[in-house]
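Report on the following structure.
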Amino acid sequence: MRSRWFALFLSIGFVCGPGSVSAAIQPFLVGAAKLEITPEQPALLAGYGSRATEHEGVDSPLWARALAIDAGKTVVLIAVDNCGIPAAVTDEVARRIAAAQPLPRSNIVICATHTHSAPTLTGYAPVLWEGRMTPEQEAGVARYTAQLTDQLVAVAQSALQARQPANLYWGQGRVNFGGNRRVLSAGRWTGFGHQQDGPVDHSFPLLVAKRSDGSIAAIWMSYACHCTTCGDRNTINGDWAGFANEYVEQSQLGAVALCTIGCGADVGPQPTGSLDLAQRHGRAIEKEVRRLLASELTPLTSPLEVRASKLALPLSPAPGREHWQKAAAKPGFDGVHARRMLRMLDQDGALPSAVPYPLTAWAFGDQLALIFLPGEVVVDYAVRLKQELDWTRVWINGWSNDVPCYVPSRRVLLEGGYEADFSMIYYGWPARFDPAVEEVLVGGVTRLVGPAFARRPTGSAPDFFSYPAK
């Protein structure tokens, strides 16, 4: 199997370098690893229904990266170059990791970079491929899914085995190539493009692990933007997030770089449409990483707390059987979806009324709350949560542990369109969300992180929710 391993063994660090604190900091245990996951055989790529044949080339390799941290609790983050990792895969990976080293489920998080230039997996956006694959293609998807599952377990175990004392620092910068993609007319969705007055989240959180000599061992970074710069070209690459990881690792020799994605479900790269532009956006990330590394970073000294809860995000009432019987005769995705709903009715007697939604948060005392949200979460949730909570101590990740569907806000539901409506067909749900979904999700996150992360009355307001960023 064509794969390359990189495992970092970290030693005690007491000095941060530029922007350091003079006093000694109690080190944590940190390990990082990476493993190439580029398929060896032709693979169907996720993200665009227009591509019906296996990939035609490799622009850049795909990777799975893992970061293991012991800070009172042991946690493992896996960041993987893929469009979306279904719950069945993440749960199996977590089960197998825990079999070797007992860890609660909430201590293991898998985040997809949402590159649309990586192989599709069994169970991801199921209606997109239902009835369109040949038996050979279906077997190929299942084979890659099983292989990737093995690789995610392996890279996590390597990071756990590599744990050695290290210090952690974090900070927030700004990147501004993400633009809201929902084009509106008279308050209604009209298509994809660049809505310059639409909301964005240009914050750029960064976590750094440092060795005793001040060199960087691992960098975890995040930005809220789709990885769709390359469009529907039928080739493999990690899009801007993959190039960002590559360029950061080139500039910080010996480091493992992990990129995750924030609430960017309705945010796309601007400009967009080519591999060159994906590389350009990756360079913008690397430039901001270098700037932050030369600035004052906050040392993390508090032990980790792991918190988890489960929500049920409410759907609007689903149509009855007669609707699905009529729709089943339609061609294309609508017919496939309707026939799927009829099978669910026959099997279960009813259609789902809510989307199961697990929440996870890792908190370093009251210094930093790392929030993990499943699915394709629109930017409104970042805008709201970072104003109701203390944005200076909150880091929100999407595409975490599962991708059940898009998660629209009340605003997006009122505007309609892809994220609110017909994306639900591809993900196999019987109806759009009920407008109460926003209050359910925001309330769940607020309760999970607790009053320690409430917004401070004298705190500064966020300055990164407009395009271009201030």
Side-chain angles (χ1 to χ4, degrees), residues 1-5 33-49 51-56 58 61-66 76-100 105 108-158 227 234-239 241-242 260-261 336 340 356 358 374-376 399-405 426-428:
M1 181 177 68
R2 179 169 53 89
S3 62
R4 297 192 292 271
W5 283 97
K34 58 184 281 193
L35 170 64
E36 186 177 350
I37 58 171
T38 311
E40 298 178 345
Q41 302 298 324
L44 293 172
L45 304 186
Y48 295 104
R51 295 184 298 206
T53 60
E54 288 81 358
H55 78 277
E56 299 166 1
V58 177
L62 303 177
W63 298 88
R65 293 168 162 89
V76 179
L77 171 78
I78 305 173
V80 55
D81 291 333
N82 195 270
C83 202
I85 312 297
V89 174
T90 60
D91 288 345
E92 174 62 13
V93 170
R95 184 191 67 79
R96 289 163 60 178
I97 293 171
R105 176 65 187 85
I108 302 167
V109 171
I110 301 177
C111 294
T113 62
H114 199 53
T115 174
H116 285 45
S117 301
T120 193
L121 303 178
T122 301
Y124 175 71
V127 172
L128 191 63
W129 287 108
E130 188 171 318
R132 298 177 64 214
M133 289 189 287
T134 66
E136 293 76 18
Q137 288 174 328
E138 191 168 358
V141 171
R143 183 167 54 250
Y144 184 78
T145 303
Q147 175 183 314
L148 180 64
T149 302
D150 293 340
Q151 291 169 324
L152 297 182
V153 173
V155 75
Q157 290 174 336
S158 180
C227 274
N234 201 17
T235 55
I236 282 176
N237 62 75
D239 210 90
T260 56
I261 313 297
V336 172
R340 187 181 185 89
E376 305 199 47
W399 285 277
S400 302
N401 285 329
D402 189 15
V403 188
C405 56
Y426 305 130
Y427 281 109

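This is a predicted model, so every value here is computed, not measured. FYI, the numbering just counts along the sequence from 1.
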Answer whether the closest heavy-atom distance between the side chains of Y144 and T120 falls below 4.5 Å.
no

Indicate yes or no for a side-chain donor-acceptor contact from N82 to the backbone of P119 under 3.5 Å, with no hydrogens or angles considered.
yes

Partner set under side chain to side chain contact (heavy atoms under 4.5 Å, CB included) for E92, not counting sequence neighbours:
R95, R96, T149

Could you pull out all residues at least two apart from E130 that satisfy side chain to side chain contact (heavy atoms under 4.5 Å, CB included)?
V336, R340, R343

Minimum-distance pair of heavy atoms, taken over all atoms of G49 and L128:
CA-CD1, 3.7 Å

Looking only at heavy atoms, what is the nearest atom pair of W399 and I261, with distance?
CZ3-CG2, 3.4 Å

Is there a donor-acceptor pair closer than 3.5 Å between any side-chain N or O of T113 and the backbone N or O of A79?
no

OG of S117 to CG of D239: how many Å apart, nearest 0.5 Å?
5.5 Å

For Y426, all residues meeting ring pair (Phe, Tyr, Trp, His ring centres under 6.0 Å), sequence neighbours excluded
F333

Which value, rounded to the nearest 0.5 Å, describes the distance between I78 atom CD1 and R65 atom CZ?
13.5 Å

Sub-4.5 Å side-chain heavy-atom contact between I110 and V93
yes

Residues forming a side chain to side chain contact (heavy atoms under 4.5 Å, CB included) with A64, sequence neighbours excluded
I37, V80, L152, V155

Any residue meeting ring pair (Phe, Tyr, Trp, His ring centres under 6.0 Å) with H116, in chain and number order, not counting sequence neighbours
Y48, H114, H226

Would you name the heavy atoms of G84 and A112 that are closest together and state the gap between them?
CA-CB, 3.9 Å

Is a side-chain donor or acceptor of D402 paired with a backbone partner of A87 at a separation under 3.5 angstrom?
yes

Is the backbone N or O of T122 less than 3.5 Å from a side-chain atom of T145, with the two atoms forming a donor-acceptor pair by type?
yes

Picking from T90, N401, D91, I97, what satisfies side chain to side chain contact (heavy atoms under 4.5 Å, CB included) with I108?
I97

Give me the atom names and distance for the closest heavy-atom approach of S158 to A33.
OG-CB, 3.4 Å

Given R132, E138, H55, E54, the one that forms side chain to side chain contact (heavy atoms under 4.5 Å, CB included) with L44:
E54

Starting at CG of L45, measure out to CZ of R51 and round the result to the nearest 0.5 Å.
4.5 Å

For E56, what residues pass the side chain to side chain contact (heavy atoms under 4.5 Å, CB included) criterion, not counting sequence neighbours?
T53, N234

Which atom pair, heavy atoms only, marks the closest approach of S400 to V109?
CB-CG1, 4.3 Å

Where is the tightest heavy-atom contact between C111 and T260, given as atom of each residue plus distance?
CB-CG2, 3.7 Å

Less than 4.5 Å apart, side chain to side chain, heavy atoms only: is that true for P404 and P374?
yes

